[in-house]
Number of protein chains: 2
Amino acid sequence: MPKQKNSYHHGDLRRALIDAGEAELSENGLAAFSLRRVAARVGVSHAAPAHHFGDVSGLIDALAERGFRRLLDSMIAHQEAATDEPYEQLIASGLGYLHFARSHPALFRLIFSDHSGAAPSPEVMATAGAAFMHLATNVAAVHGAAPLAHDGARDEVMACWTRVHGIAELILSGMMDAPDKDDKAANDAMFRSIFEVQFRTS
Amino acid sequence: MPKQKNSYHHGDLRRALIDAGEAELSENGLAAFSLRRVAARVGVSHAAPAHHFGDVSGLIDALAERGFRRLLDSMIAHQEAATDEPYEQLIASGLGYLHFARSHPALFRLIFSDHSGAAPSPEVMATAGAAFMHLATNVAAVHGAAPLAHDGARDEVMACWTRVHGIAELILSGMMDAPDKDDKAANDAMFRSIFEVQFRTS
DNA sequence: TCTTGAACTTGACATCGTCAAGATTGCAAG
DNA sequence: CTTGCAATCTTGACGATGTCAAGTTCAAGA
């Protein structure tokens with residue numbers, strides 16, 4: 001199946017549009033995102049995407065799903081490069097989360113955009129659930145337990161997620177200084193020094 | 001100075017546009033934000049805002065500044081309704097942050113949108129600095145010290161900020177369940193149970 | 001009174017998302 | 001083999017949007 005057999009019938013337009021959409025997103029950001037430019041980038045008419053995604057939110061949804069998968073992949077990759085020690089793996093996962101957010105800021109923001117109006121598609125929620133379970137497994141391993149086994153386990157997972165997520169968001173918004181995203185050692189130190197702080201009732 | 005002396009020369013158009021922009025933001029969200037609708041809402045021609053804000057990002061910037069001020073106000077208000085105990089004041093500030101985020105989601109997202117391209121205006125950064133200092137004072141009081149006095153104090157403040165911010169963002173994105181935003185007791189319990197979790201090296 | 005500049009309007013333009021209608025093609029039934 | 005059908009893609013149009021240029025109105029100082 002050649003990439004382009006003829007002018008009509010692209011062959012794998014859906015995938016091509018998602019690829020192009022991802023590229024447009026990193027180059028121009030979400031605010032300047034345009035369906036017509038994505039179509040033009042693939043070399044297809046401006047109305048072609050409608051048949052595969054309905055309207056623009058359909059493409060956005062597909063991009064969100066891919067983004068979530070990439071986020072999970074980044075966590076896994078960083079974790080696999082770490083020690084077997086459970087806590088080190090948790091830290092590594094968090095650093096993978098951070099690295100993805102900073103490498104693909106627009107995609108990251110897109111994933112966590114306001115889904116208050118239209119609920120995210122089932123595929124997106126499923127991928128989000130997978131990422132959540134990954135974290136839950138990390139956290140549980142630190143306690144030497146099964147994921148979500150004991151009371152308050154869910155709170156622990158959310159405590160972890162919100163911390164990592166908050167750091168990522170504040171860095172992206174420019175409110176928080178951070179070392180170059182590829183300086184592993186510096187980010188490791190920065191992350192631990194914030195992640196591990198504890199507040200006490202005086 | 002009457003609100004409307006005649007058709008031309010509105011009198012206080014800049015303020016009126018910011019008011020209308022804020023209303024539009026809460027009603028339709030950032031994605032559907034339109035300069036022309038804001039102008040129409042005030043009863044002014046579609047090109048009138050340009051004279052006061054340049055382009056659309058000028059109005060957005062003004063809205064961000066107002067939003068930051070409202071965020072700080074919400075923190076202060078909640079804190080003043082709490083005990084004198086420093087840690088309780090810190091928690092109350094966080095709950096005020098959360099309450100603002102959930103009461104004005106679009107404005108909250110706007111404040112922390114991607115400023116990577118154009119730097120936020122000096123006014124916005126100044127207001128953001130005031131919010132940061134408020135938190136720094138809270139955190140320092142827990143340790144019975146002056147703001148940012150000791151080594152690592154900045155990390156402690158950022159640890160606090162990122163935690164509160166992460167909770168707010170994940171709730172807004174729909175990734176985290178939370179009690180009704182006006183149920184004070186339930187939110188207090190939820191917030192503490194996440195904020196106070198500590199992770200240890202196994 | 002005259003004039004000058006700020007405040008606002010009007011009209012135009014390119015671009016955007018979406019819709020309806022037409023063109024093209026793969027494919028399976030006959 | 002061919003013939004019709006449904007999926008795929010194109011074309012053209014519409015209203016809405018941000019921005020620019022040129023014109024209009026008004027207040028206030030010379």
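Each chain gets a letter, A, B and so on, in the order the sequences are listed, and its residues count up from 1.
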Answer whether the closest heavy-atom distance between the side chains of B:Glu24 and B:Ser34 falls below 4.5 Å. no

How long is the line joining CG of B:Asp55 and C1' of D:dG18, in whole Å? 9 Å

Earlier contact from the 5' end, DNA chain C, for A:Ala50 and A:Arg37: A:Arg37

Between B:Gln79 and B:Asn138, is any pair of side-chain heavy atoms under 4.5 Å apart? yes

B:His165 vs B:Phe108 aromatic rings, parallel, tilted or perpendicular, using cut-offs 30° and 60°? tilted

Produce the list of close N/O pairs, under 3.5 Å, pairing protein atoms with atoms of nucleotides 11-14 of chain C; give distances to one decimal.
{"unit_1": "C:dG11", "atom_1": "O6", "unit_2": "B:His46", "atom_2": "NE2", "d": "2.9"}

OP1, OP2 of D:dA7 versus side-chain N and O of A:His52: anything below 4.0 Å? no

A:Asp182 atom CG, over 12 foreign heavy atoms within 6.0 Å: yes

Take atom CG of B:Asp12 and atom C1' of C:dA7, then tell me their distance rounded to the nearest Å. 13 Å

Picking from D:dT10, C:dG17, C:dC8, the nucleotide nearest the side-chain atoms of A:Leu35 would be C:dG17

Distance col, row A:His78:NE2 vs A:Leu98:CG, nearest 0.5 angstrom, shows 9.0 Å

Are side-chain heavy atoms of A:Phe191 and A:Glu196 found at a separation under 4.5 Å? no

End-to-end bend of the helix from C:dT1-D:dA30 to C:dG30-D:dC1 (five-pair axes, 10° rounding)? 10°

Taken to the nearest whole Å, CZ/B:Phe53 to P/C:dA7 is 12 Å

If you only use heavy atoms from C-beta on, which nucleotide in D:dT19, C:dT18, C:dT9 is closest to the side chain of B:Ala48? C:dT9

Measure across A:Ala178 and A:Met190 and return the closest heavy-atom pair with its distance rounded to 0.1 Å. CB-CE, 4.4 Å

Rounded to the nearest 0.5 Å, how far apart are CG of B:Leu90 and CZ of B:Phe195? 5.0 Å

How many whole angstroms separate atom CD1 of A:Ile60 from atom C1' of C:dT18? 16 Å

Parallel under 30°, tilted from 30 to 60°, perpendicular over 60°: which one fits the rings of B:Trp161 and B:Phe112? perpendicular

Ranking C:dC16, D:dG18, D:dT10 by distance to the side chain of B:Val56, first place goes to D:dG18

Is the phosphate of D:dT17, meaning OP1 or OP2, less than 4.0 Å from a side-chain N or O of B:Ser34? yes

Length of the line joining B:Glu24:CD and D:dT17:C1', which is rounded to integer Å: 13 Å

Atom CG of B:Leu59 and atom P of D:dT19 are separated, to the nearest Å, by 11 Å

Please determine whether a side-chain nitrogen or oxygen atom of B:His51 lies at a distance below 4.0 Å from atom OP1 or OP2 of C:dA7. yes

